[in-house]
Amino acid sequence: MANTSVDFTSPSVQFTYDLKNNLFFKKDDRNYIDSLSINQLNTLGNASLLDIYLTTGNVVEPHIHQNASELVYCISGGAVVSIMNPYTNQMLNFTIGPGQVANVPQGWWHYEMATTDNTHLLAIFDANTPEVIFGSQMLRLTPASVLAHTYCLDEAKIKEALAPLTSNVVIGPPRGCQQGGRGSMTSSSYPYQSYYGQSSGAYPYYDVAHVQQSQQPYGYQPARPPQPPFQQQTAYQQSPTYQWYY
């Protein structure tokens, strides 16, 4: 959709932009994300993008976009795009290479992992300021006592396990991570498929309720496509206290 609010006669109108001037997140020199939204290019309609660079095994952490669909296009290298389908109770894993895409519907839980070095992905959104809720954000902001009570878990162990999560991870594993034998991802736990290959196994889908101040929980509605319960923000929001993304 065109941006009809722009005064195209204004001297401040923008038609071009260099994404290198808008770094979203940097893990290191080979794993980082640049971004573009209407805040950088004021003539954009309902479109925006992320320019993603990853090396083998690095993951754009599990997250949802509550106000936008995401089309992941592989420019170079390779990646597995994993999507949780709330209607079939399956975790779908799609391996894409150069020139191939994977589509993530609005509000669906997903993540991307690089399968080779020098992987370059372009994530394209149908919103001019896409919003995000990261998995690490939900884990940090949900009280350990609530997780322990809800799922009948040991609260002390939850606190110990989540203690390193002091901020959003964005690209994992975090720098300096020493997992050893615990939590390491192996080929048996993460099925890599051929191009557009779907994982043969089905994984249970659990509805994730994320409550923030003045917002309603995000829930699963089986009778209709998931609807974003969050009001659209003026920037890509990461927490109740500050805006970060675009």
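Side-chain atoms are counted along with the backbone in the values below, which use heavy atoms only and exclude waters and symmetry mates.
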Asker: Distance check, rounded to the nearest 0.5 Å: Met138 atom CE versus Ile64 atom CD1?
Answerer: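 Output value for this atom pair is 6.0 Å.
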Asker: To the nearest 0.5 Å, how far apart are OG in Ser76 and CG in Asp117?
Answerer: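 Rounded to the nearest 0.5 Å, the OG-CG separation comes to 11.0 Å.
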Asker: State yes or no: do Tyr151 and Val146 share one hydrophobic cluster built from I, L, V, M, F, W and Y residues joined by side-chain heavy-atom distances below 4.5 Å, directly or via other members?
Answerer: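 Hydrophobic grouping puts Tyr151 apart from Val146.
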Asker: Is the backbone of Asp126 close enough, under 3.5 Å, to the side chain of Asn46 for a donor and an acceptor to pair up by distance?
Answerer: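 Between the backbone of Asp126 and the side chain of Asn46 there is no qualifying donor-acceptor contact (under 3.5 Å).
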Asker: Would Asn22 and Leu19 count as a side chain to side chain contact (heavy atoms under 4.5 Å, CB included) here? Give the steps.
Answerer: CA-CA 5 Å; Asn22 193 43; Leu19 269 69; 6.0 Å; no
Asker: Considering residues at least two apart in sequence or located in another chain, which fulfil the ring pair (Phe, Tyr, Trp, His ring centres under 6.0 Å) criterion with Tyr53?
Answerer: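 Counting only residues at least two positions away or on another chain, Tyr53 forms a ring pair (Phe, Tyr, Trp, His ring centres under 6.0 Å) with Tyr32, His120.
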Asker: Checking Asn168 against Arg140: is there a side-chain donor and acceptor pair closer than 3.5 Å?
Answerer: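 Judged by distance alone, the side chains do pair up.
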Asker: With no hydrogens and no angle check, do the side chains of Asn31 and Thr55 hold a donor and an acceptor under 3.5 Å apart?
Answerer: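 Present: a donor and an acceptor within the cut-off.
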Asker: Ser167: what forms a side chain to side chain contact (heavy atoms under 4.5 Å, CB included) with it, not counting sequence neighbours?
Answerer: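 Scan of Ser167 (side chain to side chain contact (heavy atoms under 4.5 Å, CB included), adjacent residues dropped) gives none.
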Asker: Of all the heavy-atom pairs spanning Pro62 and Trp109, show the shortest one and how long it is.
Answerer: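 Taking every non-hydrogen atom into account, CB-CZ2, 3.3 Å.
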Asker: Glu131 side chain to Gln66 main-chain N or O, any donor-acceptor pair under 3.5 Å?
Answerer: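 Answer holds: no.
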Asker: If you round to the nearest 0.5 Å, how far is CG of Leu121 from CD1 of Ile52?
Answerer: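 Ile52 CD1 to Leu121 CG: 5.5 Å, rounded to 0.5 Å.
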Asker: Find the distance between CG (Asp34) and CZ (Phe25) and round it off to the nearest 0.5 Å.
Answerer: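 Atom-to-atom, Asp34:CG and Phe25:CZ are 12.5 Å apart.
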Asker: Applying side chain to side chain contact (heavy atoms under 4.5 Å, CB included) to Asn39 and Thr129, what does each step give before you reach the verdict?
Answerer: CA-CA 8 Å; Asn39 292 330; Thr129 51; 4.2 Å; yes
Asker: Please assess Asn118 against Arg30 for the test side chain to side chain contact (heavy atoms under 4.5 Å, CB included), listing each intermediate value before the final yes or no.
Answerer: CA-CA 8 Å; Asn118 302 313; Arg30 301 178 67 195; 3.8 Å; yes
Asker: So, Ser82 versus Glu112: side-chain donor-acceptor pair below 3.5 Å or not?
Answerer: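 Absent: no donor and acceptor within the cut-off.
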Asker: How close do Ser35 and Gln40 get, counting heavy atoms only, and between which atoms?
Answerer: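 For Ser35 and Gln40, the tightest heavy-atom pair comes out as O-OE1, 4.2 Å.
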Asker: Using only atom types and a distance under 3.5 Å, with no angle test, would you say the side chain of Glu70 pairs donor to acceptor with the backbone of Asn103?
Answerer: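 Side chain of Glu70 to backbone of Asn103, a donor-acceptor pair under 3.5 Å: no, none is there.
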Asker: Please find the pair of heavy atoms, one from Val13 and one from Thr43, that lie closest to each other, and give the distance.
Answerer: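 For Val13 and Thr43, the tightest heavy-atom pair comes out as CG2-CG2, 3.3 Å.
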Asker: Is Lys20 paired with Asp51 through a side-chain N to carboxylate O contact shorter than 4.0 Å?
Answerer: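 Here Asp51 does not pair with Lys20 in a salt bridge, since their nearest N and O are not under 4.0 Å apart.
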Asker: Would you check if the side chain of Lys27 reaches a backbone N or O of Pro173 as a donor-acceptor pair within less than 3.5 Å?
Answerer: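 Confirmed, Lys27 side chain pairs with Pro173 backbone.
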Asker: Considering residues at least two apart in sequence or located in another chain, which fulfil the salt bridge (charged side-chain N to carboxylate O under 4.0 Å, His left out) criterion with Asp154?
Answerer: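 Asp154: no salt bridge (charged side-chain N to carboxylate O under 4.0 Å, His left out) contacts found.
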Asker: Hey, does the side chain of Glu155 reach the backbone of Ala144 with a donor-acceptor pair shorter than 3.5 angstrom?
Answerer: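 Not a single qualifying donor-acceptor pair exists.
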Asker: What residues, two or more places apart in sequence or in another chain, satisfy side chain to side chain contact (heavy atoms under 4.5 Å, CB included) together with Thr116?
Answerer: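 Partners of Thr116 by the side chain to side chain contact (heavy atoms under 4.5 Å, CB included) criterion, ordered by chain and then number, come out as Thr119.
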Asker: Please determine whether side chain to side chain contact (heavy atoms under 4.5 Å, CB included) holds for the pair Ile96 and Val81, giving the CA-CA distance in whole Å, both sets of side-chain angles, and the decisive distance to 0.1 Å.
Answerer: CA-CA 8 Å; Ile96 59 175; Val81 180; 3.9 Å; yes
Asker: Any side-chain heavy-atom pair from Tyr111 and Val60 closer than 4.5 angstrom?
Answerer: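 The answer is no, as the side chains (C-beta and beyond) never meet within the 4.5 Å cut-off.
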Asker: Please name the pair of heavy atoms, one in Trp108 and one in Met84, separated by the smallest distance, quoted to 0.1 Å.
Answerer: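 It is CE3-O, 3.6 Å.
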Asker: Which heavy atom of Ser48 sits nearest a heavy atom of Ala127, and at what distance?
Answerer: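 Closest approach of Ser48 to Ala127: OG-O, 2.6 Å.
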Asker: Do you know the tightest heavy-atom contact between Val169 and Pro174?
Answerer: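 Shortest heavy-atom contact: CG1-CG, 4.2 Å.
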Asker: Check for me whether the distance between the ring centres of His65 and Phe125 falls short of 6.0 Å.
Answerer: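 Close enough - the centres of the two rings lie under 6.0 Å apart.
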Asker: Taking only residues two or more places apart in sequence or in another chain, which ones pass side chain to side chain donor-acceptor pair (under 3.5 Å) with Ser10?
Answerer: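 Partners of Ser10 under the side chain to side chain donor-acceptor pair (under 3.5 Å) test: Ser12.
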Asker: List the residues meeting salt bridge (charged side-chain N to carboxylate O under 4.0 Å, His left out) with Asp29, not counting sequence neighbours, and say none if there are none.
Answerer: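 Residues passing salt bridge (charged side-chain N to carboxylate O under 4.0 Å, His left out) with Asp29: Lys26.
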Asker: What's the separation between atom CZ in Phe94 and atom CD in Gln100, rounded to the nearest 0.5 Å?
Answerer: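 It comes to 12.5 Å.
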Asker: When rounded to the nearest 0.5 angstrom, what is the spacing between CG in Leu147 and SG in Cys152?
Answerer: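 The distance works out to 13.0 Å.
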